[in-house]
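For reference, the structure is listed below as structure tokens.
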Protein chains: 2
Amino acid sequence: MPRPATNLRESILDQARRLLLAEGYTRMSMRRIASRVGCTATSLYLYFKNKNGLFHALMDEGMDKLFVGLDHVLESTDTTPQERLRGVFRTYLDFGLENPEFYEVMFLLHPRHTRRYPPEKYRAARNRLERVGADIALARGDDPDPAEVQVLAALAWTSLHGTISLLVAQRVDARLDQETLVDRAVEHAMALALPPQS
Amino acid sequence: MPRPATNLRESILDQARRLLLAEGYTRMSMRRIASRVGCTATSLYLYFKNKNGLFHALMDEGMDKLFVGLDHVLESTDTTPQERLRGVFRTYLDFGLENPEFYEVMFLLHPRHTRRYPPEKYRAARNRLERVGADIALARGDDPDPAEVQVLAALAWTSLHGTISLLVAQRVDARLDQETLVDRAVEHAMALALPPQS
DNA sequence: ATGTTAAGTTAACAAGGTTAACCTTGGTAC
DNA sequence: GTACCAAGGTTAACCTTGTTAACTTAACAT
């Protein structure tokens with residue numbers, strides 16, 4: 001039945017997102033998406049270059065969602081640098097834990113598995129990291145050697161990323177309270193923003 | 001040509017390992033392994049239950065290699081807790097960075113992708129983490145509340161894991177010096193073993 | 001010679017991504 | 001009103017996966 005055009009693209013994205021979140025990248029197959037949408041697999045190729053293209057569209061969504069949350073904190077002016085840092089750290093952790101499948105494909109997967117996400121999109125991420133670095137420098141109050149600031153921001157990131165990663169991959173001892181670990185991870189990252197010890 | 005039995009199992013493991021390290025899990029296909037070994041794909045099933053079984057055999061190798069390195073440091077007696085901690089942290093980082101594909105499948109991948117690795121194997125890993133916790137407690141010198149020690153060890157792990165993970169996934173800004181980041185990651189983890197501030 | 005079994009192979013299936021070729025409707029030009 | 005044409009699909013097919021069932025062949029024991 002040609003010519004329905006009931007915004008098929010959106011339906012595809014909807015069902016693809018559901019499958020991705022529920023069952024992961026490999027089980028999000030073109031045929032299964034199509035079946036749920038109510039069309040054939042080849043139709044997906046009318047709207048997306050291939051499975052990777054479709055996936056990148058979903059990744060854009062995830063990035064946007066994350067950035068909106070981060071920017072909301074970073075751009076608040078009636079806050080101290082410490083408050084902003086704590087806020088972005090927690091926002092980042094929450095995003096990863098609440099959208100594990102998105103997080104996984106955005107930051108966890110080797111570029112080998114899903115073809116490389118356009119580097120310019122990662123520039124936007126790097127930009128947020130620089131703003132985190134700026135707040136770290138503010139919080140520490142010492143001279144901001146740019147290279148050192150970059151390292152500190154990266155360290156904060158690796159710390160949060162590691163926490164999300166191990167929790168998402170279910171590698172961490174189940175007896176360990178997840179909330180405690182998350183709280184402490186924030187504090188451990190915050191330690192990077194402490195004024196350098198005498 | 002039946003009955004060669006030239007230790008086919010070892011040849012399979014060799015070629016599988018090469019493919020895994022060079023091209024990743026999905027591109028390590030049964031047929032490609034077989035082709036390099038010089039047999040048919042179905043022969044692999046004589047030695048391994050399926051692709052996942054073959055993969056788990058490789059994973060055992062990786063685990064052993066990592067544990068040998070960690071134990072070498074953990075069991076040294078002529079060292080301080082601080083020295084041992086710094087040693088295990090660096091050993092762990094080096095292992096991850098030198099065997100990225102192994103590390104990826106061992107700790108990075110969601111159990112969804114490769115069928116679950118036997119939990120008892122992870123018990124061995126947890127055991128090492130407990131010994132790290134013990135050294136952290138020693139280094140801090142304060143009363144060792146077991147739950148707190150577990151959290152501290154987990155935090156150290158997440159921190160190192162995050163560093164490896166982002167470097168392996170090539171997510172970190174290329175302009176940032178990798179060695180510096182690794183060194184600082186060790187120090188950041190070591191901060192967890194500092195005596196609690198007054 | 002006769003089994004028996006270990007160690008392979010061939011052929012096939014289902015599921016995956018992807019492409020080429022084909023319909024089928026709706027609107028426009030004359 | 002008829003001819004065209006392109007948007008929006010579909011069908012059929014190809015190739016690569018993991019995996020299984022059925023068959024073959026070589027070596028050894030009796």
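Lettering follows sequence order; numbering is per chain, from 1. This is a predicted model, so every value here is computed, not measured.
If you check dT17(D), dT19(D), dT9(C) against the side chain of Arg32(B), the one that comes closest is dT17(D).
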Next item on the list: Quick one: do His161(B) and His161(A) satisfy ring pair (Phe, Tyr, Trp, His ring centres under 6.0 Å)? Show the steps, please.
Entry: CA-CA 8 Å; His161(B) 173 73; His161(A) 173 73; 7.1 Å; no
Margin query: For a side chain to side chain donor-acceptor pair (under 3.5 Å) check, start with the C-alpha distance between Asn127(B) and Arg131(B), then their side-chain angles and the critical distance, and finish with the verdict.
Written below: CA-CA 7 Å; Asn127(B) 174 266; Arg131(B) 284 150 76 183; 3.3 Å; yes
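Protein atom OH of Tyr45(A) is 17 Å distant from nucleotide atom P of dT11(D), rounded to whole Å. Ile33(A) places its CD1 atom 11 Å from the P atom of dG16(C), with the value rounded to the nearest Å. If you measure from atom CG of Leu8(B) to atom C1' of dG8(C), you get 9 Å, rounded to the nearest angstrom. Here dG8(D) presents its P atom at 15 Å from CG of Leu44(A), a figure rounded to the nearest Å. Look at CZ on Arg31(A): it is 13 Å from P on dT19(C), rounded to the nearest Å. One atom, CG of Leu46(A), and another, P of dA6(D), lie 17 Å apart when rounded to the nearest Å. Following rounding to the nearest Å, Glu23(A) (CD) and dG16(C) (P) show an atom-to-atom distance of 11 Å. Asn7(A) has its CG atom 17 Å from the P atom of dA7(D), to the nearest Å.
The aromatic rings of Tyr92(A) and Phe107(A) lie tilted to each other, with the angle between the two planes from 30° to 60°.
Pairs engaging residues 159-173 of chain B under the salt bridge (charged side-chain N to carboxylate O under 4.0 Å, His left out) rule: Arg126(A)-Asp173(B), Asp173(B)-Arg175(B) [sequence neighbours left out]. Within the structure, ring-ring contact (aromatic ring centres under 6.0 Å, His included) pairs that include any residue of residues 56-82 of chain B comprise His56(B)-Tyr117(B) (at least two apart or interchain).
Remark: Glu23(B) does not engage Arg18(B) in a salt bridge, criterion side-chain N to carboxylate O under 4.0 Å. Ion pairing between a basic and an acidic side chain is recognised when a charged N comes within 4.0 Å of a carboxylate O; Arg36(B) and Asp14(B) show no such pairing.
Ser29(A) comes within 4.0 angstrom of sugar-phosphate atoms only, judged by non-hydrogen atoms across all strands, and of no base.
The side chain of Thr40(B) contributes an N or O atom lying less than 4.0 Å from OP1 or OP2 of dT9(C).
Remark on DNA chain C: of its neighbouring residues Arg27(A) and Thr42(A), the 5'-side contact belongs to Arg27(A), judged by nearest-heavy-atom nucleotide.
Listed in residue order, the members of residues 50-62 of chain A having a heavy atom less than 4.0 Å from DNA chain C are Asn50(A), Lys51(A).
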